[in-house]
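Quick note on labels: first sequence line is chain A, next is B, and so on, each numbered from 1. Side chains included, hydrogens not; waters and symmetry mates left out as well; all remaining heavy atoms used.
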There are 2 protein chains.
Amino acid sequence: MSDVVEPFKGLKGSRNDCAKCSIQVLCLPATINPDDFERLNTIVQKRRPLKRGDVLFASGQKLEHLYVAREGAFKSVVYNTEGDSQVTGFHLPGEILGLDALGTSKHTCDSVALTTADVCEIPLGDLEKVAAQVPSLQHQLLKIIGQTINRDQKHIEILSKKNAHERMSIFLHQLSERYRQLGRSGERFMIPMSREDIGSHLGLVIETVSRTLSKMQEDGLIEVNGREVIIRDLGRLHVLAHETAPRKSA
Amino acid sequence: MSDVVEPFKGLKGSRNDCAKCSIQVLCLPATINPDDFERLNTIVQKRRPLKRGDVLFASGQKLEHLYVAREGAFKSVVYNTEGDSQVTGFHLPGEILGLDALGTSKHTCDSVALTTADVCEIPLGDLEKVAAQVPSLQHQLLKIIGQTINRDQKHIEILSKKNAHERMSIFLHQLSERYRQLGRSGERFMIPMSREDIGSHLGLVIETVSRTLSKMQEDGLIEVNGREVIIRDLGRLHVLAHETAPRKSA
DNA sequence: CGAGCCCTTGACCGAAGTCAATGGCTGTGG
DNA sequence: CCACAGCCATTGACTTCGGTCAAGGGCTCG
């Protein structure tokens with residue numbers, strides 16, 4: 001299922017494989033020398049195994065660690081007072097979790113495992129200290145955070161301008177792309193989230209998600225069977241996901 | 001029009017008033033000692049006056065500085081290939097501009113002055129260096145960035161769950177709150193942006209923005225006259241903006 | 001004082017939400 | 001092993017919010 005986090009064959013003496021993982025996220029493509037590597041290594045404390053439905057951190061909790069997803073999938077969920085929820089993002093291996101709390105030092109969302117999952121834990125205080133000593137790390141940290149901002153802004157764009165079919169195309173295309181980059185198949189995969197989660201994330205109701213998937217299947221774009229998706233026409237999906245087909249007046 | 005950026009009466013010897021301004025944003029409420037202040041002071045290079053429509057930075061430009069808005073208002077706009085645009089955010093005095101470029105080192109949006117405006121300029125490279133030496137500054141920087149992320153996520157929530165009336169209520173309420181915090185009136189203000197800009201930001205067309213404002217006026221919630229807005233019932237606006245009145249199934 | 005914006009208002013229409021029925025799966029207990 | 005409960009997903013019929021199209025009014029600037 002995952003030969004994903006297996007690089008850094010050249011680096012010996014790492015305390016655990018989790019350090020490799022966080023290094024991969026935090027330092028690539030920045031260069032890092034063995035000394036600095038070891039320094040970062042010592043602060044990546046441990047990993048946590050989680051099972052489906054487990055909460056990695058909950059809204060309101062004090063920010064103590066950042067996490068790097070190693071394996072499995074997560075969703076970020078915010079709850080309004082009435083208990084209705086909103087999925088603000090999905091997270092796959094190699095992505096960073098916990099940035100939501102940087103602003104207030106308290107988490108603003110729940111992070112929930114969608115599958116069996118596994119993360120590395122990096123105490124933020126320690127990370128800040130090391131970052132202050134290792135310029136490339138500091139820079140890379142800012143970069144990763146910046147990418148999170150870019151992703152959010154892209155999502156804002158989608159939600160304010162795209163219709164249901166476009167949203168689903170973009171969603172599937174992004175998912176495919178992320179799996180591909182993880183070295184898995186980008187053409188055939190199990191989606192880890194429910195229709196409900198997808199709908200919440202895309203600002204659609206579950207029925208619309210379902211109908212849209214059926215339509216895409218009719219059109220020969222994909223094949224769906226429950227949580228299994230096969231992309232039949234990746235080229236066309238790419239076009240649909242990127243074309244400037246505005247809903248609402250441009 | 002603005003007695004906004006006038007604090008720090010106790011700090012003498014600052015090279016320019018712009019340093020005060022950026023200090024206010026970057027270091028409050030963190031403590032900073034005079035030495036560190038002076039160090040930060042030296043990197044805040046200059047300020048730029050802009051007039052309505054001027055572009056502070058454009059999409060694709062290399063990231064060189066962060067900016068702190070001192071006076072006036074800005075919008076962030078992204079353009080898709082076809083030239084249709086999307087307003088991703090509005091920025092008032094005291095807010096930071098340019099974070100969009102942290103991820104790729106290139107700006108991903110245009111920042112356009114909506115009014116006569118004024119900013120401080122902080123070279124990012126220098127800022128990183130000083131931040132590495134001043135832990136409280138580094139921490140504060142992360143905090144501000146985190147707040148940007150939180151704001152984006154809030155916006156995502158609005159766009160995926162709120163109807164037109166709720167969006168406008170939230171928009172007006174936020175604007176009122178921001179002006180209040182700047183020491184201006186939160187009950188009577190000129191909105192610096194066009195209906196077009198508002199609509200783009202909220203995922204609505206201009207006609208809907210207009211109609212909704214008219215409806216709110218009918219209801220005695222506000223008074224509108226072109227760009228001038230008077231909040232007539234701030235309490236009710238607050239309720240409308242915060243109540244959990246879901247569009248789409250909770 | 002006329003052109004060009006920006007904004008408002010009305011009439012109409014369609015995409016997506018709501019409500020409701022049905023059809024698998026999965027797991028549990030008799 | 002079957003039956004039944006509880007999800008989750010699909011599909012259809014109907015409704016509605018907000019987008020589209022069109023006309024007109026008011027400001028500003030040249």
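Following rounding to the nearest Å, E207(B) (CD) and dC7(C) (C1') show an atom-to-atom distance of 10 Å. What separates CZ of R52(B) from C1' of dC29(D) is a distance of 13 Å, to the nearest Å. Between K161(A) atom NZ and dA15(C) atom P the separation is 19 Å, expressed in whole Å. Following rounding to the nearest Å, L202(B) (CG) and dG19(D) (P) show an atom-to-atom distance of 11 Å. Going from atom NZ of K162(A) over to atom P of dA15(C) covers 17 Å, rounded to whole Å. For the pair L213(B) CG and dC7(C) P, the computed distance is 10 Å after rounding to whole Å. One atom, CD of E196(A), and another, P of dG6(D), lie 18 Å apart when rounded to the nearest Å. Taking atom CD1 on I206(B) and atom C1' on dT9(C), their separation rounds to 13 Å, with Å as the unit.
At dG17(C), one or more side-chain N or O atoms of T208(A) fall inside 4.0 Å of OP1 or OP2 (strictly under the cut-off). For the pair R227(A) and dC25(C), the criterion of a side-chain N or O lying under 4.0 Å from OP1 or OP2 is not met. Contact annotation: R195(A) reaches the phosphate of dT10(D) (side-chain N/O to OP1 or OP2, under 4.0 Å).
Between D219(A) and R236(A) there is no salt bridge, since no side-chain N of the basic residue sits under 4.0 Å from a carboxylate O of the acidic one. Ion pairing between R178(B) and E95(B) holds under the 4.0 Å rule for side-chain N and carboxylate O.
The V205(A) side chain lies nearest to dG17(C) when the options are dC7(C), dA9(D), dG17(C). Taking only side-chain atoms of N163(B), from C-beta outward, the nucleotide of dA9(D), dG18(D), dC7(C) with the closest atom is dG18(D). Nearest nucleotide to the L204(B) side chain, out of dC7(C), dG19(D), dT18(C): dG19(D). Among dA9(D), dG19(D), dT8(C), the nucleotide with an atom closest to any side-chain atom of S214(B) is dT8(C).
In this structure a side-chain-to-backbone donor-acceptor pair under 3.5 Å is present from E166(B) to N163(B).
Remark: the R211(A) side chain and the dG17(C) base include no donor-acceptor N/O pair separated by less than 3.5 Å.
By the neighbour-count criterion of 12 heavy atoms within 6.0 Å, atom CZ of R188(A) is sparsely surrounded, having that number or fewer from other residues, nucleotides or ligands.
A donor and an acceptor atom, one from each side chain of T88(B) and H201(B), are nowhere located under 3.5 Å apart.
Among the protein residues, S210(B) comes within range of the nucleic acid bases, having at least one heavy atom under 4.0 Å from a base atom.
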